[in-house]
Number of protein chains: 2
Amino acid sequence: MNTDRLYQHGTLAMLVPGLFAGTQKIEELLQHGNTGIGTLTALDGELVIIDSKVYQVNAQGAVREVGSEEEVPFANVHYQADKSVGKLQGLDLSGFQKTVLERLQTANLFAAVRVEGRFTQMHTRAVLPQQPPYPTLTETASGQKEFNAENIKGTLIGYYSPDLYAGAVSPGFHLHFLDADHHMGGHILGFELDSGELFLQKFSDFQLHLPTTNDAFLKQKFDTATLVADIRKAEN
Amino acid sequence: MNTDRLYQHGTLAMLVPGLFAGTQKIEELLQHGNTGIGTLTALDGELVIIDSKVYQVNAQGAVREVGSEEEVPFANVHYQADKSVGKLQGLDLSGFQKTVLERLQTANLFAAVRVEGRFTQMHTRAVLPQQPPYPTLTETASGQKEFNAENIKGTLIGYYSPDLYAGAVSPGFHLHFLDADHHMGGHILGFELDSGELFLQKFSDFQLHLPTTNDAFLKQKFDTATLVADIRKAEN
């Protein structure tokens with residue numbers, strides 16, 4: 001159980017031109033970590049992985065537990081060994097990101113970020129399941145559903161990734177939310193944190209696992225130059 | 001012994017602003033593979049790793065075996081399990097790269113490349129050891145020494161890396177050479193292959209290991225936008 005490693009199945013660049021086919025089963029993904037985030041085949045909703053349980057927030061805003069045979073085109077997991085770095089109070093998303101970077105004391109390592117807290121506002125989104133032939137990632141964003149909750153308790157889970165690796169990862173912060181009752185969540189677009197505890201885990205290793213037998217991926221011509229701009233647009 | 005994984009210590013982006021301090025011992029590097037390429041502290045020469053033996057070609061053109069306590073700022077290793085994909089004849093570097101990509105049938109996976117062959121021409125370089133405060137990577141290139149050999153037998157070892165990961169890796173081909181008698185080698189700038197056998201090994205996983213305790217690395221501000229251009233300039 002390697003707690004120094006962030007594992008990723010798929011590369012974010014794959015999603016940009018619309019390679020949304022699932023290429024790794026949940027049961028295989030969970031062999032590389034017990035905590036994380038991701039999405040299902042067809043970009044169907046937002047995953048939050050806690051204690052080896054995988055929760056999907058779908059575009060109706062409903063939360064369900066995902067089965068071991070379902071597949072992801074893209075997910076990050078790690079073995080949780082995070083440490084509390086103290087209490088947070090009265091922060092919005094941008095103040096939170098600044099605080100995390102101050103606590104990490106570097107922008108150049110991958111890190112897991114977790115908050116157990118109460119949020120006065122939580123604003124999330126979930127992508128609708130797409131139909132093949134799949135559209136591009138930026139096109140899916142226009143059809144996403146957004147959710148707002150007030151005075152909600154729950155878990156923020158996600159990662160900080162250095163900008164340098166933007167072809168592989170969602171650069172900067174990639175944060176998902178699941179409320180304590182498993183009724184609300186998704187990809188975080190904004191929040192107001194009332195108070196919570198911040199946990200961080202820095203990684204020495206980033207392991208990128210690519211779908212070696214997915215023909216569409218193998219044949220795709222990626223335009224590296226425009227990719228990073230497209231990724232930033234779709235993820236924020 | 002994972003033969004599906006390419007392991008890398010350090011990120012190529014570190015070298016661009018001049019972070020040349022060794023951050024991993026050879027003995028630790030060799031715990032992640034028995035074959036590869038790299039450089040030593042201060043960018044001192046070019047490494048070729050074969051059968052867990054590490055050879056350095058220095059800027060005088062001399063070859064020596066490197067000790068287990070010496071350190072690398074940047075290196076790639078893997079466990080060799082490559083397969084012969086046939087004989088090659090009468091190719092220059094650019095024809096060779098085209099042939100490898102045709103045989104790989106994808107530009108989107110990391111792969112190890114090896115040729116055992118006879119070269120009518122081999123043109124290499126080795127970087128001079130730098131002195132702190134270190135210059136930038138592009139500045140070191142202006143002081144590199146170049147070597148030419150004719151009718152030389154030896155081993156070409158290196159990697160193909162997808163363009164997408166240019167912040168982490170040397171994008172495209174990164175090839176080193178060591179002649180059969182261990183008298184000549186270096187970072188390949190060009191060649192004319194008479195005949196040889198090509199071996200390839202595709203990887204499902206790319207594992208990036210970062211120096212978590214190197215303060216200069218942790219504090220460095222990377223300019224992602226200009227980095228890829230600088231990397232291409234310095235490596236070719």
Side-chain angles (χ1 to χ4, degrees), chain A residues 2 4-14 16-17 19 23-24 28 32 101 104-111 161-169 171-172 201-229 231-232, chain B residues 2 4-14 16-17 19 23-24 28 32 101 104-111 161-169 171-172 201-229 231-232:
Chain A
N2 184 347
D4 293 325
R5 186 191 59 196
L6 169 59
Y7 177 90
Q8 179 171 296
H9 174 69
T11 189
L12 195 60
M14 289 169 37
V16 172
L19 298 171
T23 44
Q24 186 174 58
E28 194 191 330
H32 303 280
L101 281 169
L104 286 174
Q105 298 189 284
T106 182
N108 300 332
L109 293 177
F110 294 85
S161 302
D163 257 22
L164 274 180
Y165 313 112
V169 304
Q201 182 174 349
K202 288 188 231 186
F203 302 108
S204 62
D205 290 69
F206 172 67
Q207 182 168 343
L208 181 66
H209 177 71
L210 298 172
T212 54
T213 58
N214 181 275
D215 207 53
F217 168 69
L218 297 178
K219 300 296 182 215
Q220 179 70 35
K221 286 194 196 307
F222 291 107
D223 177 9
T224 308
T226 64
L227 209 56
V228 174
I231 287 172
R232 282 183 209 281
Chain B
N2 184 348
D4 292 324
R5 185 190 60 196
L6 169 59
Y7 176 89
Q8 179 171 296
H9 174 68
T11 190
L12 195 59
M14 289 170 39
V16 172
L19 298 171
T23 43
Q24 186 173 57
E28 194 191 330
H32 303 280
L101 281 170
L104 286 175
Q105 298 188 285
T106 182
N108 300 332
L109 293 176
F110 294 85
S161 302
D163 258 23
L164 274 180
Y165 312 113
V169 305
Q201 181 174 350
K202 289 187 230 185
F203 301 108
S204 62
D205 290 68
F206 172 68
Q207 183 168 344
L208 181 66
H209 177 72
L210 298 172
T212 54
T213 58
N214 181 275
D215 208 51
F217 168 69
L218 297 178
K219 300 298 181 211
Q220 178 70 37
K221 286 195 195 305
F222 292 106
D223 177 8
T224 308
T226 65
L227 209 57
V228 174
I231 286 172
R232 283 181 208 282

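Each chain gets a letter, A, B and so on, in the order the sequences are listed, and its residues count up from 1. Because the structure is a prediction, the values reported are computed rather than measured.
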Segment of B:Ala107 engaging chain A (4.5 angstrom heavy-atom cut-off): backbone

Under 4.5 Å from a heavy atom of chain A, the part of B:Phe222 involved: side chain

Closest non-hydrogen atom pair between A:Ala168 and B:Tyr165, with its separation: CB-CE2, 3.7 Å

Can you give me every donor-acceptor pair (side chain of residues 207-220 of chain A, partner residue at least two apart or in another chain, under 3.5 Å) with its distance?
from	atom 1	to	atom 2	distance (Å)
A:Gln207	OE1	A:Arg5	NH1	3.2
A:Gln207	NE2	B:Asp205	OD2	2.6
A:His209	ND1	B:Asp205	OD1	2.8
A:His209	ND1	B:Asp205	OD2	3.3
A:Asn214	OD1	A:Ala216	N	3.4
A:Asn214	OD1	A:Phe217	N	2.8
A:Lys219	NZ	B:Gln105	O	3.1

Portion of A:Tyr7 that has a non-hydrogen atom of chain B nearer than 4.5 angstrom: side chain

Choice from A:Leu104, A:Thr106, A:Asp4, A:Asn108 maximising heavy atom contacts with chain B below 4.5 Å: A:Asn108

